[in-house]
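Let me begin by presenting the structure, written as structure tokens, before commenting on it.
As the structure lists them, so they are numbered: ligands from 1, and atoms in each ligand from 1. All of these numbers come straight from a predicted model, not from anything done at the bench.
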Amino acid sequence: MTIRTVATTPFAGQKPGTSGLRKKVKVFAQPHYLENFVQAIFDSIGAVAGKTLVVGGDGRYYNRTAIQTILKMAAASGFAAVMVGQGGILSTPAASCVIRKYRTFGGIILSASHNPGGPDEDFGIKYNIPAGGPAPEAITEAIFARSQEIGEYRILDAADVDLDTLGTQRLGAMTVEVFDPVADYAALMESLFDFAAIRALFAGGFRMTFDAMHAVTGPYAAAILEGRLGAPRGTVMNGVPREDFGAGHPDPNLVHAAELVAIMFGADAPDFGAASDGDGDRNMILGRNFYVTPSDSLAVLAANATVCPGYKAGLKGIARSMPTSAAADRVAAALGIEAYETPTGWKFFGTLLDAGLATLCGEESFGTGSDHVREKDGLWAVLMWLNVLAARRDSVAAIVTAHWRKFGRNVYSRHDYEGVDSEAANGLMAHLRGLSLTGRRLGAYEVVVNDDFAYTDPVDGSVSTRQGIRVVFGDGSRIVYRLSGTGTEGATLRVYIERYEPDAAKHHLDPQEALADLIAIARDVAEIERRTGRTEPTVIT
Ligand code: G1P
Ligand code: ZN
């Protein structure tokens with residue numbers, strides 16, 4: 001077997017976004033495209049000789065092809081070993097778990113998260129550092145810079161590795177260990193949550209539906225919920241990972257998880273419903289006839305964390321992304337712990353978790369997690385809810401409404417305008433940046449803060465600017481605007497709207513009604529219709 005050095009030239013646009021490099025499969029499949037980026041990673045993370053790398057993905061189309069290339073390139077670059085999930089499968093949180101547990105030199109995760117999969121759809125790749133989290137901006141910038149000057153890459157000429165048989169193989173001088181992608185993760189979950197109590201809950205007739213959306217969490221959910229926790233067979237639906245996610249859009253929200261939503265809001269609905277996304281890091285939580293916003297979910301889990309064995313000692317702090325509602329901040333204040341507000345993207349939580357400043361983290365985009373790994377973790381959130389439900393023996397709706405009575409309700413909604421013309425979207429953001437609204441009245445509200453969110457990491461001092469336009473009002477209500485950093489087609493404008501409602505008599509109101517005046521202000525201020533031609537958002541969550 002020989003190592004080939006292949007001459008190449010840079011591709012423009014190999015810039016990692018909110019979570020790694022995401023492009024259409026057709027882009028990744030061009031000769032040298034993936035190879036250039038992988039070599040740029042290997043060239044940017046320090047000496048790799050003798051190190052161990054974790055590799056796996058969400059099982060989408062092109063996963064296996066990409067893994068074969070990465071294995072041969074890792075062998076050519078001098079890695080001593082690569083641990084690869086059986087069948088190329090590894091959920092994002094399980095990858096983080098394994099990277100940490102075996103003290104490896106990080107890992108490469110192949111996923112475009114919740115974006116559709118298939119030959120005409122999306123693919124993605126990202127590097128996670130030895131701490132288990134997504135590479136911080138300094139590293140992603142270095143990878144990008146390297147990709148823009150690359151002249152050659154190295155790859156081993158070898159036959160493909162058998163990804164389906166557990167055990168150890170050789171690839172040149174390197175070892176490839178194909179491992180069970182579920183086992184370590186399931187053991188970690190069992191160490192955090194009261195599995196006996198959850199087993200007793202199911203044994204008592206508690207009913208749940210988990211929608212794996214034909215994506216990576218199927219095997220994990222089946223092994224943990226139906227296996228270790230004794231939930232009846234059939235609790236997990238759409239549980240076999242498919243390369244095209246069953247032609248669906250594996251994003252656990254009210255629009256894309258329509259099948260689950262119909263069950264949970266239908267006759268004879270189960271007690272609890274949940275879904276996860278393509279790579280297993282997102283979650284949606286539903287009760288019977290009840291939707292829990294991700295922002296509320298974070299707050300409720302934080303308020304109830306100590307019923308779970310892994311969090312019995314209490315929380316060190318709670319971190320949320322800036323556009324996430326401030327519901328968790330109220331819990332933090334009540335618990336007397338610090339609340340952190342970070343830019344969008346899980347990578348910003350890493351330093352806080354590593355430094356022991358925060359225990360729970362969350363994003364409004366269906367991301368919840370803790371210091372057990374360095375990624376958000378869909379199934380973890382589901383299990384934490386199950387632990388809370390087992391301890392409190394109350395319904396999801398009762399737990400959330402009681403939470404609102406105690407803390408008040410941060411009424412919240414996100415409006416997405418997908419596939420907007422990029423120039424129009426950039427123009428809209430430039431228009432917003434040019435406004436200076438502080439001190440002005442908009443409808444019944446007075447603007448007290450209007451800025452483009454900037455963040456200084458309290459641990460390493462790194463500064464991130466231009467993280468979203470904020471319009472904050474005197475009563476704490478907010479409108480936030482930002483453009484998505486994960487899309488692959490046109491631009492997606494996200495508008496986040498929040499208002500605090502202390503009056504329990506109004507807690508039952510539909511957020512779209514309760515926020516109607518702010519929604520109208522948000523459209524006016526940004527001139528959304530005039531600039532994008534859109535009269536309605538594409539997705540409301
Ligand atoms: C979106 C979410 C963000 C999340 C990211 C990765 O990014 O808004 O919270 O961290 O996906 O799952 P965006 O497309 O908004 O840049
Ligand atoms: Zn994801």
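At least one donor-acceptor pair closer than 3.5 Å links the side chain of Asn63 to the backbone N or O of Gly88. For Ser276 (side chain) and Arg282 (main-chain N/O), a donor-acceptor pair under 3.5 Å exists by modelled atom type.
Taking the charged nitrogens against the carboxylate oxygens, Lys24 and Asp122 do have a contact shorter than 4.0 Å, which makes a salt bridge. A salt bridge links Glu141 with Lys15: at least one charged nitrogen is closer than 4.0 Å to a carboxylate oxygen.
Short contacts between ligand 1 and Thr344, defined as distances under 4.0 Å to a heavy atom of the residue, involve ligand atoms 3 (C), 8 (O), 9 (O). Atom numbering of ligand 1 starts at 1 in the shown order; those under 4.0 Å from a heavy atom of Arg482 are 8 (O), 13 (P), 15 (O), 16 (O). For ligand 1, the atoms sitting less than 4.0 Å from at least one non-hydrogen atom of Gly345 are 10 (O), numbered in the order shown with element in parentheses.
Counting all heavy atoms, side chain and backbone alike, Val331 lies closest to Ala299 at CG2-O, 3.5 Å. Heavy-atom minimum distance, Arg494 versus Asp416: NH1-OD2, 3.1 Å. The two residues Pro130 and Ile99 make their nearest non-hydrogen contact at O-CG2, 3.5 Å.
Remark: among candidates Arg282, Glu363, Glu364, His114, the nearest residue to atom 10 (O) of ligand 1 is Glu363, based on non-hydrogen atoms.
Among the atoms of Leu483, none of the N or O lies under 3.5 angstrom from an N or O of ligand 1.
Using a 4.0 Å cutoff on heavy atoms, Arg414 counts as a contact of ligand 1.
At a 4.0 Å heavy-atom cut-off, ligand 1 does not touch Met322 at all. At a 4.0 Å heavy-atom cut-off, ligand 1 touches Ser484 through backbone and side chain alike.
Applying the side-chain hydrogen bond (donor to acceptor under 3.5 Å, both in side chains) criterion to Arg320, with sequence neighbours excluded, gives Asp329, Glu341.
Less than 2.8 Å away from the Zn ion (ligand 2), the protein contributes these N/O/S atoms: Ser113 OG, Asp277 OD2, Asp279 OD1, Asp281 OD1.
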